S.K.: 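Structure incoming, see below.
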Amino acid sequence: PLWNSITPTKAPQLSGTKITVWGRGFDPDRGIHGCKWTGDGGTEISVPVEATNATSFICPSPNWIDEALGNIVSHANFTILINDAEIPRDPPEDQLFEFSG
(Lines give C-alpha, C1' and ligand atoms only; values in the text may rest on other atoms or scores of the structure.)
Protein backbone atom coordinates (compact mmCIF):
# COMPACT_ATOMS: atom_id res chain seq x y z
CA PRO A 1 0.00 0.00 0.00
CA LEU A 2 1.01 3.59 -0.66
CA TRP A 3 -0.32 6.84 0.76
CA ASN A 4 0.28 10.34 -0.56
CA SER A 5 -1.89 12.85 1.31
CA ILE A 6 -4.24 13.54 4.19
CA THR A 7 -7.17 15.92 4.61
CA PRO A 8 -7.45 18.01 6.64
CA THR A 9 -3.87 18.76 7.74
CA LYS A 10 -4.89 20.58 10.92
CA ALA A 11 -7.33 19.99 13.76
CA PRO A 12 -8.11 21.17 17.30
CA GLN A 13 -5.92 19.72 20.06
CA LEU A 14 -8.90 17.83 21.41
CA SER A 15 -9.62 14.54 19.66
CA GLY A 16 -12.26 13.64 17.15
CA THR A 17 -11.61 15.36 13.81
CA LYS A 18 -11.96 12.81 10.99
CA ILE A 19 -8.68 12.59 9.03
CA THR A 20 -8.89 11.00 5.57
CA VAL A 21 -5.74 9.28 4.30
CA TRP A 22 -5.56 9.05 0.49
CA GLY A 23 -3.52 6.50 -1.47
CA ARG A 24 -3.92 3.05 -3.01
CA GLY A 25 -3.64 -0.60 -2.14
CA PHE A 26 -5.46 -0.45 1.19
CA ASP A 27 -7.17 -3.77 1.82
CA PRO A 28 -9.98 -3.61 4.38
CA ASP A 29 -9.78 -7.41 4.81
CA ARG A 30 -6.04 -7.60 5.60
CA GLY A 31 -3.90 -5.97 8.25
CA ILE A 32 -4.72 -3.54 10.97
CA HIS A 33 -4.44 0.02 9.78
CA GLY A 34 -3.78 2.96 12.04
CA CYS A 35 -2.56 6.55 12.06
CA LYS A 36 0.40 7.76 14.09
CA TRP A 37 1.38 11.26 15.17
CA THR A 38 4.88 12.01 16.52
CA GLY A 39 5.39 15.35 18.28
CA ASP A 40 8.53 17.47 18.40
CA GLY A 41 9.52 16.00 21.77
CA GLY A 42 9.12 12.42 20.54
CA THR A 43 5.68 11.82 22.05
CA GLU A 44 3.77 9.31 19.89
CA ILE A 45 0.04 8.69 19.69
CA SER A 46 -1.50 6.01 17.47
CA VAL A 47 -5.19 5.54 16.73
CA PRO A 48 -7.04 2.79 14.82
CA VAL A 49 -8.91 3.47 11.61
CA GLU A 50 -12.67 3.84 11.56
CA ALA A 51 -13.30 2.98 7.90
CA THR A 52 -11.25 1.63 4.99
CA ASN A 53 -11.59 1.10 1.25
CA ALA A 54 -9.01 0.51 -1.51
CA THR A 55 -8.04 4.19 -1.90
CA SER A 56 -8.67 5.83 1.47
CA PHE A 57 -9.27 5.36 5.15
CA ILE A 58 -10.36 7.52 8.07
CA CYS A 59 -8.73 8.01 11.46
CA PRO A 60 -9.94 10.29 14.24
CA SER A 61 -7.38 12.84 15.39
CA PRO A 62 -6.03 12.17 18.90
CA ASN A 63 -6.22 14.34 22.01
CA TRP A 64 -2.89 16.08 21.52
CA ILE A 65 -1.93 17.58 24.85
CA ASP A 66 1.21 16.05 26.33
CA GLU A 67 -0.22 15.10 29.71
CA ALA A 68 3.10 13.83 31.05
CA LEU A 69 4.97 17.06 30.39
CA GLY A 70 2.06 19.45 30.66
CA ASN A 71 2.89 20.74 27.18
CA ILE A 72 0.57 21.59 24.35
CA VAL A 73 1.98 20.26 21.09
CA SER A 74 1.23 22.37 18.03
CA HIS A 75 2.87 20.31 15.28
CA ALA A 76 3.41 16.59 14.74
CA ASN A 77 4.71 14.33 12.01
CA PHE A 78 2.04 12.01 10.60
CA THR A 79 2.37 8.49 9.19
CA ILE A 80 0.23 5.39 8.78
CA LEU A 81 0.58 1.93 10.30
CA ILE A 82 -0.21 -1.44 8.77
CA ASN A 83 0.32 -4.39 11.11
CA ASP A 84 2.23 -1.99 13.41
CA ALA A 85 4.77 -1.15 10.67
CA GLU A 86 5.18 2.46 9.56
CA ILE A 87 4.37 2.93 5.88
CA PRO A 88 6.32 5.80 4.28
CA ARG A 89 4.58 8.49 2.29
CA ASP A 90 4.81 8.43 -1.52
CA PRO A 91 6.53 10.70 -2.46
CA PRO A 92 8.83 10.20 0.54
CA GLU A 93 8.56 13.43 2.50
CA ASP A 94 7.30 14.37 5.93
CA GLN A 95 3.59 14.98 6.37
CA LEU A 96 3.25 17.65 9.03
CA PHE A 97 0.03 18.01 10.98
CA GLU A 98 -0.96 21.11 12.93
CA PHE A 99 -2.91 21.11 16.19
CA SER A 100 -4.61 24.37 17.17
CA GLY A 101 -5.80 25.55 20.57
Side-chain angles (χ1 to χ4, degrees):
L2 299 171
W3 70 282
N4 51 37
S5 66
I6 61 172
T7 53
T9 58
K10 66 167 97 175
Q13 290 164 331
L14 298 177
S15 61
T17 300
K18 305 296 184 195
I19 309 301
T20 302
V21 179
W22 300 96
R24 64 178 189 264
F26 306 130
D27 185 347
D29 297 324
R30 294 183 58 211
I32 300 169
H33 304 309
C35 296
K36 180 175 142 184
W37 286 262
T38 304
D40 295 334
T43 300
E44 296 179 351
I45 298 177
S46 298
V47 297
V49 301
E50 292 185 348
T52 306
N53 66 38
T55 59
S56 68
F57 61 84
I58 297 172
C59 289
S61 64
N63 182 355
W64 197 257
I65 296 175
D66 188 337
E67 304 288 344
L69 301 176
N71 295 333
I72 296 175
V73 177
S74 60
H75 292 88
N77 193 35
F78 176 90
T79 193
I80 69 168
L81 302 170
I82 297 180
N83 291 329
D84 294 327
E86 290 187 18
I87 305 300
R89 184 175 177 205
D90 182 34
E93 59 188 58
D94 286 345
Q95 174 67 65
L96 294 179
F97 194 87
E98 181 179 345
F99 291 94
S100 60

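All heavy atoms count here, side chains included; hydrogens, waters and symmetry mates do not. Keep in mind the model is a prediction, meaning the values are calculated, not measured.
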S.K.: Run the side-chain contact (heavy atoms from CB on, under 4.5 Å) test against I6 and tell me which residues pass, sequence neighbours left out.
M.R.: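 I6: side-chain contact (heavy atoms from CB on, under 4.5 Å) contacts with W3, T9, I19, V21, F78, Q95, F97.
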S.K.: Please say which of T79, I87, I80 ends up in a side chain to side chain contact (heavy atoms under 4.5 Å, CB included) with K36.
M.R.: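 Running side chain to side chain contact (heavy atoms under 4.5 Å, CB included) over T79, I87, I80 with K36 returns exactly one hit, T79.
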S.K.: If you compare all heavy atoms of L2 against all heavy atoms of F26, which two are closest, and at what distance to 0.1 Å?
M.R.: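 Heavy-atom minimum between the residues: O-CZ, 3.5 Å.
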S.K.: Step by step, would you call L81 with E86 a side-chain contact (heavy atoms from CB on, under 4.5 Å)?
M.R.: CA-CA 5 Å; L81 302 170; E86 290 187 18; 3.7 Å; yes
S.K.: Throw together a table of side-chain donor-acceptor distances under 3.5 angstrom for residues 44-62, partners on residues two or more places apart or in other chains.
M.R.:
| residue | atom | partner | partner atom | Å |
| --- | --- | --- | --- | --- |
| E50 | OE1 | K18 | NZ | 2.7 |
| E50 | OE2 | K18 | NZ | 3.2 |
| N53 | OD1 | T55 | N | 2.8 |
| N53 | OD1 | T55 | OG1 | 3.4 |
| N53 | OD1 | S56 | N | 2.9 |
| N53 | OD1 | S56 | OG | 3.4 |
| N53 | ND2 | S56 | OG | 3.4 |
| S61 | OG | G16 | N | 3.4 |
| S61 | OG | T17 | N | 3.1 |

S.K.: Check side-chain contact (heavy atoms from CB on, under 4.5 Å) between N77 and all other residues, then give those that pass, not counting sequence neighbours.
M.R.: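 For N77, the residues satisfying side-chain contact (heavy atoms from CB on, under 4.5 Å) (neighbours in sequence not counted) are D94, L96.
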